[in-house]
Amino acid sequence: MSPRDEILRALKVGGGMFAPDIADCVGTGTSAVRPHLDSLTADGLVTASPVRGRPGRPRYRYHLTPKGHESFERTYDDLASCMVDAVRELGGESLLQAVLERHERRQLDKYSPRVRGLPFDLRVHEVARILDECGYMVELEATDDGYRLREHNCPVSRVAEGCTAACESELRFIRKLVQADVEQLVVSPKGDQACCYAIRR
């Protein structure tokens with residue numbers, strides 16, 4: 001386990017901690033953990049809150065951010081794949097489609113306020129940030145007629161392998177957020193290529 005991972009694990013288990021306490025948990029000196037804490041803070045995985053109570057410079061208590069909590073491996077992919085199979089068995093493709101559409105509506109209700117009223121370019125960049133926050137590892141590239149958006153990580157790849165409806169749902173979600181012409185160029189749930197979309201003005 002790398003020093004960064006040890007620090008993240010210590011904060012996950014211990015909650016808010018001061019640098020000396022983190023150093024004790026990972027078995028090193030305070031001066032050794034500070035550069036890693038600075039790096040983790042810059043990456044948005046850790047946040048530092050000043051704590052005053054004595055003269056001089058404040059001490060900082062470190063916490064995991066929501067992004068930091070999500071960096072820990074979870075088994076949601078297996079659970080989602082199992083639930084898709086169960087929905088199909090119990091209600092067929094029509095019920096699966098209804099479930100996906102309901103999920104789309106919930107996601108749109110959550111994220112639409114962040115793009116409402118934005119011009120095209122700012123809207124596309126904000127959608128890229130939203131997808132990145134959801135774990136898609138997005139790369140955005142400007143093109144002559146708009147943008148090319150690549151997703152280097154699919155959080156529900158196991159579902160997408162046997163459920164094209166999940167990919168179609170994602171495409172509809174992106175289209176509704178960017179409010180523009182979106183074409184799905186590559187679909188690759190197996191991870192050998194990035195999923196890619198052309199977003200045109």
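Note that the coordinates shown come from a computational prediction; the quantities given were computed from them, not determined experimentally. Worth knowing before you read on, the calculation uses all heavy atoms, side chains too, and leaves out hydrogens, waters and symmetry mates.
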Please determine if E126 and R123 form a salt bridge, counting it only when a charged side-chain N lies under 4.0 Å from a carboxylate O. no

Does R59 reach the side chain of R52, with side-chain heavy atoms less than 4.5 Å apart? no

Does Y147 have its ring centroid less than 6.0 Å away from the ring centroid of H125? yes

May I ask you to test the L131-I174 pair for a side-chain heavy-atom distance under 4.5 Å? yes

Is there a donor-acceptor contact under 3.5 Å linking the side chains of D38 and T41? no

Under 4.0 Å between a side-chain nitrogen and a carboxylate oxygen: does that hold for E104 and K176? yes

In Å and rounded to the nearest 0.5 Å, what is the CZ to CZ distance from R200 to R148? 8.0 Å

May I ask you to test the Y197-L185 pair for a side-chain heavy-atom distance under 4.5 Å? no

How far apart are the closest heavy atoms of L11 and Y62, and which atoms are they? CD2-O, 3.4 Å

Here the gap from E141 atom CD to C196 atom SG, rounded to the nearest 0.5 Å, amounts to 8.5 Å

For E133, salt bridge (charged side-chain N to carboxylate O under 4.0 Å, His left out) partners two or more places apart: R114

Compare every heavy atom of R4 with every heavy atom of S39, then report the nearest pair and how far apart it is. OG-NH1, 2.7 Å

Lys/Arg-Asp/Glu bridge criterion (N-O < 4.0 Å) met for R201, D121: yes

